[in-house]
Amino acid sequence: MQTFDTPEGVRGQAKSLVTTMRSDAHTWNLVVLQLYLQQWGHDVLNLGPCVPEDLLLQQSEWFEPDLIVVSTVNGHGTHDARSLVRRLRGSERLAATRIVLGGKLGVAGDRCDAELRSLRDAGYDAVFPESATVHDLDPILRQLAVERGSVGARSR
């Protein structure tokens with residue numbers, strides 16, 4: 001199992017929710033994401049595989065996360081991703097929540113820049129292609145820490 005270094009100077013606790021979409025049955029990526037976010041000091045709710053939009057919306061409103069991470073590996077990400085983010089952004093309680101999407105977004109592998117931009121335009125704060133790693137989340141996690149006042153002077 002890959003291990004991750006805890007970022008220096010980061011303290012305090014943000015809340016993150018990790019999930020798949022209704023058509024996506026993977027679990028291992030969610031575990032890796034959960035462990036990585038926990039090393040950043042986040043309280044993490046992992047909803048697991050094949051999460052229906054209604055359940056995701058309900059749990060997100062209940063948990064009130066600072067960050068929602070949607071992972072997909074089955075290649076149908078672009079089909080489900082747009083309706084999912086519309087539902088989340090349509091919730092008054094989640095409208096300002098950071099929502100990111102990453103993984104295999106299409107059956108042809110990494111999507112073109114126009115497709116990634118289209119998903120960001122649909123409401124995602126960031127969209128990561130299949131070639132991305134968990135470390136691509138670092139700027140978002142660092143910004144969350146700054147906003148929460150939980151970054152010390154020695155943070156990377």
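These values consider heavy atoms only, across backbone and side chains, with no hydrogens, waters or symmetry-generated copies. Quick caveat: nothing in here was measured; it's all calculated off a predicted structure.
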Quick check against the 3.5 Å criterion: does [X] have a side-chain atom that pairs as donor or acceptor with the backbone of [Y]?
{"X": "K15", "Y": "F63", "result": "yes"}
{"X": "D136", "Y": "T133", "result": "yes"}
{"X": "R93", "Y": "E61", "result": "yes"}
{"X": "N74", "Y": "S23", "result": "yes"}

For a quick test of reading the model, state the closest non-hydrogen atom pair linking [X] to [Y] and the distance between them.
{"X": "A81", "Y": "L101", "value": "CB-CD2, 3.6 Å"}
{"X": "T20", "Y": "C50", "value": "OG1-N, 2.9 Å"}
{"X": "L37", "Y": "S16", "value": "CD1-CB, 3.7 Å"}

Establish, from distance only, whether the side-chain atoms of [X] and [Y] form a donor-acceptor pair under 3.5 Å.
{"X": "Y36", "Y": "H135", "value": "yes"}
{"X": "R82", "Y": "S118", "value": "yes"}
{"X": "H26", "Y": "S71", "value": "yes"}
{"X": "Q34", "Y": "N46", "value": "yes"}

Take V51 and R22 through the test side chain to side chain contact (heavy atoms under 4.5 Å, CB included) and record every step on the way to the result. CA-CA 5 Å; V51 180; R22 62 182 173 223; over 6 Å; no
With sequence neighbours left out, the residues meeting side-chain contact (heavy atoms from CB on, under 4.5 Å) with V85 are R89, I99, A122, Y124
